Amino acid sequence: MNARNPLGVDQTTVEHLASLASITVSDEELTLLVGDLNKIIGSIDKLQDLDTSGVEPTCQVTGLTSVWRNDIIEPQLPREKLLALAPDSKNNQVKVPKVL
């Protein structure tokens, strides 16, 4: 544990995470994971030191306002015409070749 990361990641935490993920971790891997996870959390924690007071919040950087279209039901071709466009049909359905 340290002042910046009061939760800290210890062996018990990594063992618990491994249990939740249903994976087996050796003692050597456990030691490495404790160190790696603490480094990752430490790196992320450094972001708290950044002065972002002059930065506007951003949720969209491409200029798009909406990438979703309205879900509007529009007139469709009758089934008979659609089946007539298909290369093959059977039992009032489009027949396709087997994939497997």
Side-chain angles (χ1 to χ4, degrees):
M1 274 193 226
N2 62 47
R4 294 200 60 131
N5 180 12
L7 297 178
V9 175
D10 57 12
Q11 289 187 345
T12 304
T13 304
V14 175
E15 288 170 343
H16 179 66
L17 292 171
S19 171
L20 292 173
S22 299
I23 58 174
T24 304
V25 179
S26 70
D27 290 341
E28 182 180 324
E29 291 171 319
L30 186 66
T31 303
L32 291 172
L33 285 170
V34 167
D36 288 347
L37 288 172
N38 277 311
K39 285 179 188 175
I40 291 168
I41 291 171
S43 295
I44 294 169
D45 197 36
K46 287 181 183 178
L47 295 174
Q48 297 297 324
D49 294 337
L50 293 176
D51 179 17
T52 59
S53 58
V55 179
E56 289 186 39
T58 305
C59 63
Q60 176 56 261
V61 295
T62 64
L64 296 175
T65 54
S66 176
V67 296
W68 302 106
R69 65 174 174 82
N70 290 332
D71 191 12
I72 301 171
I73 298 174
E74 297 179 353
Q76 303 294 316
L77 288 175
R79 179 183 292 265
E80 297 77 27
K81 287 188 178 182
L82 288 172
L83 288 172
L85 295 171
D88 196 8
S89 64
K90 181 178 180 181
N91 297 329
N92 212 22
Q93 298 176 355
V94 174
K95 186 175 177 183
V96 295
K98 291 181 181 179
V99 177
L100 297 176

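In this text, all values refer to a predicted model and were calculated from it rather than measured experimentally.
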Sidechain-backbone polar pair: [X] side chain, [Y] backbone, donor-acceptor under 3.5 Å:
| X | Y | result |
| --- | --- | --- |
| Ser43 | Lys39 | yes |
| Gln76 | Glu74 | yes |
| Asn91 | Gln93 | no |

Q: Please lay out, stage by stage, how Val55 and Leu50 fare under the test side chain to side chain contact (heavy atoms under 4.5 Å, CB included).
A: CA-CA 11 Å; Val55 179; Leu50 293 176; over 6 Å; no
Under 3.5 Å donor-acceptor pairs involving side-chain atoms of residues 22-34, not counting sequence neighbours:
unit_1: Ser26; atom_1: OG; unit_2: Glu29; atom_2: N; d: 3.1
unit_1: Ser26; atom_1: OG; unit_2: Glu29; atom_2: OE1; d: 3.3
unit_1: Glu29; atom_1: OE1; unit_2: Ser26; atom_2: N; d: 2.9
unit_1: Thr31; atom_1: OG1; unit_2: Asp27; atom_2: O; d: 3.1

Q: Give the minimum heavy-atom separation between Ile72 and Arg69, together with the two atoms involved.
A: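 The answer is N-NH1, 4.4 Å.
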Q. If you round to the nearest 0.5 Å, how far is OG1 of Thr13 from CG of Leu37?
A.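 Nearest 0.5 Å value for the CG-OG1 distance: 9.0 Å.
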(Q) Is there a continuous path of hydrophobic side-chain contacts, each under 4.5 Å between heavy atoms, that joins Val96 to Leu83? (A)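 In one cluster: yes.
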